[in-house]
Student: 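Input: one structure, supplied below.
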Amino acid sequence: MLQLMIGTSTSKTTPYSPPWLRDRKNPPTFHLRTASTLERDAFEAELEGVHNAGAVYDVVVREITIAGVRALAAEDDQGRLIDLLDQEAALDKGDELSTEEAALLRGLREVLSLHWPEYRAIQAQVSRRNKLLPTLAFMTFCSGWSDVTGNDGEPLKFATNALGQIDEDVLRRVPHIMLHVTGMQAYSMQYGSGEAKNSAPLSKSSGNQQTSTSGGGSTKGGKSPAKSGKKIPK
């Protein structure tokens, strides 16, 4: 973790208990702090620069997806596929494409994942962010806890290492789902949000297709070696 993070936090903490455990007499409670702007930005910099797991944005997703469509789809199909992508992006919450349209876009994304390097690379980056962000946020913004039971069923005492981070032997005993949800809550707090939803997206991209501001190993010039002979399923 970045050395810059040490000693730049604010002192305010907020107690948080996972929703499904709040009815207990003494629910596990985590003390989450709101970091300084500097530390929050250092956190994002670590995700992007160290782990290649920076935030993702719709506009870049669209560029990569459309480039893949133009490279891999038959010319007669390209307009329809791009129109469907636009329709999906414009859907109101709760609305859905038809079964046929949704299947067509699933097929498109499967082909892109297999045969368009830029798309495949950005999906790998999104996966890294989804996996790392909650854990890193938990390690960075949790400053203590009470009434927490470890994976082994024994009471878990909060402890830090010489750098002020949660000790690894302690961290590995925190139940995974508890760590994940609490980490998402800690991250949400850094941007002034209320309680984070368990399924909150970890990118700034809507839908299933996401990309990143930090790059993802794209090939030069947008060319794909799989261009010839690959067709989008109809």
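If you read the sequence from its start, that first residue is 1, and numbering goes on from there.
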Student: Do the non-hydrogen side-chain atoms of Leu171 and Leu179 ever get within less than 4.5 Å of each other?
Tutor: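 Contact flag for Leu171/Leu179 side chains = yes.
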Student: Less than 4.5 Å apart, any side-chain heavy atom of Glu168 and any of Asn161?
Tutor: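 A side-chain contact is absent here, since even the closest heavy-atom pair is not under 4.5 Å.
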Student: Are the side chains of Cys142 and Thr182 in contact, using a 4.5 Å heavy-atom criterion?
Tutor: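 Result no, sub-4.5 Å side-chain heavy-atom pair not found.
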Student: Could you grab the distance from atom CG of Asp41 to atom OG of Ser36, nearest 0.5 Å is fine?
Tutor: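 One gets 8.5 Å once the value is rounded to the nearest 0.5 Å.
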Student: Tell me whether the count of non-hydrogen atoms from other residues, nucleotides or ligands lying under 6.0 Å of CD in Glu100 goes above 12.
Tutor: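 Count not over threshold, so no.
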Student: Using 0.5 Å steps for rounding, measure from the CD atom of Gln123 to the CZ atom of Arg109.
Tutor: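 Interatomic distance, Gln123 CD to Arg109 CZ, rounded to 0.5 Å: 9.0 Å.
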Student: For Arg106 and Glu110, run salt bridge (charged side-chain N to carboxylate O under 4.0 Å, His left out): C-alpha distance rounded to whole Å, both residues' side-chain angles, the deciding distance at 0.1 Å, then the answer.
Tutor: CA-CA 6 Å; Arg106 281 197 304 273; Glu110 289 173 1; 5.8 Å; no
Student: Rounded at 0.5 Å granularity, tell me how far CG in Leu84 sits from CG in Leu108.
Tutor: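 Nearest 0.5 Å value for the CG-CG distance: 9.0 Å.
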Student: Taking atom CG of Leu114 and atom CG of Leu72, what is their separation to the nearest 0.5 Å?
Tutor: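 The CG atom of Leu114 sits 10.5 Å away from the CG atom of Leu72.
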Student: Can you confirm whether Arg70 sits close enough to Ile66 that some side-chain heavy atom of one is under 4.5 Å from a side-chain heavy atom of the other?
Tutor: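 The answer is yes, as the side chains (C-beta and beyond) meet within the 4.5 Å cut-off.
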Student: Identify the residue among Phe138, Tyr191, Phe141 that makes a ring-ring contact (aromatic ring centres under 6.0 Å, His included) with Phe43.
Tutor: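 It is Phe141; the other options fail the test.
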Student: Looking at every heavy atom in both Arg129 and Tyr187, which two are closest together, and how far apart are they?
Tutor: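 Looking at all heavy atoms of both residues, the closest pair is NH2-OH, 3.1 Å.
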Student: Answer yes or no: is there a side-chain heavy-atom contact under 4.5 Å between Val181 and Phe30?
Tutor: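 No; the side chains remain at least 4.5 Å from each other.
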Student: Between Arg33 and Glu39, what is the shortest heavy-atom contact and its length?
Tutor: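 For Arg33 and Glu39, the tightest heavy-atom pair comes out as NH2-OE2, 2.7 Å.
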Student: Looking at Met184 and Leu133, what are the two nearest heavy atoms and their distance?
Tutor: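 Heavy atoms only, the tightest pair is SD-CD2, 3.9 Å.
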Student: Is there side-chain contact between Arg173 and Val170, with at least one heavy-atom pair below 4.5 Å?
Tutor: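 A side-chain contact is absent here, since even the closest heavy-atom pair is not under 4.5 Å.
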Student: Checking Gln190 side chain against Ala186 main chain: does a donor-acceptor pair fall under 3.5 Å?
Tutor: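 Present.
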Student: Nearest 0.5 Å, what's the CZ-NE2 distance between Arg128 and His51?
Tutor: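 Those atoms lie 10.5 Å apart.
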Student: For residues Val174 and Asn151, report the shortest heavy-atom separation together with the two atoms involved.
Tutor: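 Of all heavy-atom pairs spanning Val174 and Asn151, the closest is O-ND2, 3.7 Å.
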Student: Using side-chain heavy atoms (C-beta onward) and a distance below 4.5 Å, is Leu104 in contact with Arg80?
Tutor: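 Answer yes - side chains close enough.
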Student: What heavy-atom pair brings Leu21 and Pro28 nearest, and what distance separates the two atoms?
Tutor: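 Scanning both residues completely, I find the closest heavy atoms to be CD1-CG, 3.4 Å.
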Student: Kindly give the heavy-atom pair with the smallest separation between Gly183 and Ala137, and that separation in Å.
Tutor: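 Between these two residues, the closest heavy atoms are O-CB, 3.4 Å.
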Student: Keeping Trp145 on the side-chain end and Leu156 on the backbone end, is there a donor-acceptor pair under 3.5 Å?
Tutor: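 Yes, Trp145 side chain to Leu156 backbone: donor-acceptor pair under 3.5 Å.
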Student: Any side-chain heavy atom of Val148 sitting closer than 4.5 Å to one from Phe158?
Tutor: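 No, side chains not in contact.
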Student: To the nearest 0.5 Å, how far apart are CG in Asp147 and NZ in Lys25?
Tutor: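 Interatomic distance, Asp147 CG to Lys25 NZ, rounded to 0.5 Å: 11.0 Å.
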Student: Could you pull out all residues at least two apart from Thr29 that satisfy side chain to side chain donor-acceptor pair (under 3.5 Å)?
Tutor: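 If we apply the side chain to side chain donor-acceptor pair (under 3.5 Å) test to Thr29, skipping adjacent residues, the hits are Ser17.
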Student: Looking just at side-chain N and O atoms, do Tyr57 and Glu63 make a donor-acceptor pair shorter than 3.5 Å?
Tutor: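 Not at all, the side chains of Tyr57 and Glu63 share no donor-acceptor pair under 3.5 Å.
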Student: Within the supplied structure, the quantity of interest is the number of heavy atoms (other residues, nucleotides, ligands) at a distance under 6.0 Å from Asp152 CG; does it exceed 12?
Tutor: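 Yes, the 6.0 Å shell around CG holds more than 12 heavy atoms from other groups.
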